[in-house]
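Remarks on the structure that follows.
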Amino acid sequence: MAELRVSAWKRFGHDRLYVNLPDGTSVAWLDRRTGSLTVTDPRYHQAALAALRTARAVPRPTAPPPRARPKAPPRRTPTGPGTPTRPATPTGRDTPPRPVTPPASSPRPQSPAPGRAVPPPPDFTPGSAPHPAPVGAPAPDLADNLPGATLRARLELTGPSRLERLLILLRLRPDRMASWRTGLKGEQVVGAELGRLARHGWRVIHSIELSPNNDMDHLLIGPGGVFTINTKRHPGKTVWVGDDMARINHGPPRPHPRNSRAEAERAHRALRRHCAFPFEVHPVLVYVDTEPPRVAPTQRTVRVYQPRQLSSLAPLTGTLTPAQITHLHTVARHPSTWQPF
């Protein structure tokens, strides 16, 4: 296992000890004021504890004070006639003190001195202090969500009764839930395609609820970065995507690209509060069961795909380390991360 390094960080009213890998990736940190430990990579839990114990328990070597020599008791000299006289011998008081040689000092420990300003870890983003990462098992665990879980819950909660379903099948009543059923099918198709990326080191979380009426279809985290994926299903229709709007079958403009960018910005704000390393979140629009989308040449901020084209993300690497992927996935699977702030 790689050697861990401990460095102190004091800024914005915080006083912490960070445990980092040699490449600067943070695996744990200790709040020296409260004593609470946050582990961002469970694989290094025991090693981080050992490194912190070494950094905090080894005192600074100091030279012991010189020992004071005990005073010699005064000699009694017999007096009287016939007693031979001896020359006076110097007592302990008159003997000059011997020079005290301090012991050789041992090398100081690598832990930083308390109260001394130490630069933050190299992977820390200047100007933004990370909030403590969520600890403990998430309840509920968003990583267990199935594709389209939010839409499925809405359909089960407010779906039609058996009589209404019969009337819908007989075309005697319009299906007010048709758009939800269409969207559910699209999220399931995209979720299946994203599942194929797992063998390339990617992790995905589906149906992240952002508000009672809004959710993030998919969040993809892997070696190539972080992506928010917005799914749209319009069977057999044409699609044109501009800078801020999209048109389905030459119909009225819909804010698909603009909403995708806003969703990526929301995800970035939520995740960066718990991360000490820089990263970006990229928006992706996926159109399911449509004609191949036509994208305006000026559209350079949102990736526009069909489901099969998601496989082009698999070979992307070099943006996040395995430890950073694990940390982001651990933070993202906690519902508290996505609460309004």
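In this chain, numbering begins with 1 at the start of the sequence shown.
To the nearest 0.5 angstrom, Gln324 atom CD is 11.5 Å from Ile221 atom CD1. To the nearest 0.5 Å, atoms SG (Cys275) and CG (Leu328) are separated by 4.5 Å. Atom CG of residue Leu30 and atom CG of residue Leu49 lie 9.5 Å apart, to the nearest 0.5 angstrom. Taken to the nearest 0.5 Å, the CH2 atom of Trp338 stands 7.0 Å off from the CG atom of Leu210. Here the OG1-CZ distance, from Thr228 to Arg303, works out to 11.0 Å after rounding to the nearest 0.5 Å. With values rounded to the nearest 0.5 angstrom, Arg254 atom CZ is found 8.5 Å from Lys232 atom NZ.
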Evaluation steps, side-chain hydrogen bond (donor to acceptor under 3.5 Å, both in side chains), between Gln299 and Thr301 | CA-CA 6 Å; Gln299 172 55 267; Thr301 58; 3.0 Å; yes
Take Arg294 and Val241 through the test side chain to side chain contact (heavy atoms under 4.5 Å, CB included) and record every step on the way to the result.
-> CA-CA 6 Å; Arg294 294 183 298 111; Val241 181; over 6 Å; no
Evaluate side chain to side chain contact (heavy atoms under 4.5 Å, CB included) for Thr319 paired with Val226, printing each intermediate quantity in order.
-> CA-CA 9 Å; Thr319 302; Val226 183; over 6 Å; no
Would His334 and Leu142 count as a side chain to side chain contact (heavy atoms under 4.5 Å, CB included) if you check the C-alpha gap in whole Å, the side-chain angles of each, and the deciding distance to 0.1 Å?
-> CA-CA 6 Å; His334 277 261; Leu142 299 183; over 6 Å; no
Can Arg5 and Val19 be said to form a side chain to side chain contact (heavy atoms under 4.5 Å, CB included), step by step?
-> CA-CA 6 Å; Arg5 302 175 182 176; Val19 183; over 6 Å; no
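Here Leu313 is tied into one hydrophobic group with Val189, Val190, Leu194, Leu197, Trp202, Val204, Leu220, Phe227, Ile229, Val284, Val286, Val288, Tyr305, Leu310, Leu316, each link being a pair of ILVMFWY side chains closer than 4.5 Å.
Listed by chain and number, the residues in a salt bridge (Lys or Arg N to Asp or Glu O under 4.0 Å) with Arg261 are Asp244 (sequence neighbours excluded). In this view, Ala296 and Trp240, Thr298 satisfy the side chain to side chain contact (heavy atoms under 4.5 Å, CB included) rule, not counting sequence neighbours. Every residue two or more places apart in sequence or in another chain was checked for a salt bridge (Lys or Arg N to Asp or Glu O under 4.0 Å) with Arg300, and none qualifies. Residues meeting the salt bridge (Lys or Arg N to Asp or Glu O under 4.0 Å) test with Glu193, sequence neighbours left out: Arg196, Arg308. The ring-ring contact (aromatic ring centres under 6.0 Å, His included) test applied to His234 returns no partner, not counting sequence neighbours. Contacts of Glu187 classified as side chain to side chain contact (heavy atoms under 4.5 Å, CB included), with partners at least two apart in sequence or in another chain: Leu151, Ser207, Asp217, His218, Thr231. Under the rule for a side chain to side chain contact (heavy atoms under 4.5 Å, CB included), the partners of Pro235 that lie at least two apart in sequence or sit in another chain are Thr182, Arg233, Asp289. When the side-chain hydrogen bond (donor to acceptor under 3.5 Å, both in side chains) test is applied to Asp215, the partners found at least two apart in sequence or on another chain are Thr150. With sequence neighbours excluded, the residues forming a side chain to side chain contact (heavy atoms under 4.5 Å, CB included) with Thr238 are Asn249, His250, Glu291, listed by chain and number.
In this structure, the side chains of Asp243 and Pro257 stay at 4.5 Å or more apart for every pair of heavy atoms. At a threshold of 4.5 Å between non-hydrogen side-chain atoms, the residues His206 and Leu146 do not count as touching. Looking at heavy atoms from C-beta onward, Ile325 lies in side-chain contact with Arg203 at the 4.5 angstrom threshold. The closest side-chain heavy-atom distance from Leu52 to Leu37 is below 4.5 Å. Within the 4.5 Å cutoff, the side chain of Glu265 has no heavy atoms near those of the Val281 side chain. Taking 4.5 Å as the limit, every side-chain heavy atom of His200 sits out of range of all side-chain heavy atoms of Pro315.
Among residue pairs with one or both ends in residues 219-230, none qualify as salt bridge (Lys or Arg N to Asp or Glu O under 4.0 Å); sequence neighbours excluded. Residue pairs that meet the ring pair (Phe, Tyr, Trp, His ring centres under 6.0 Å) test with at least one member in residues 252-272, sequence neighbours left out, are His256-Tyr287, His268-Phe279.
A side-chain donor-acceptor contact under 3.5 Å links His327 to the backbone of His274. A donor-acceptor contact shorter than 3.5 Å is absent between the side chain of Gln46 and the backbone of Ala48.
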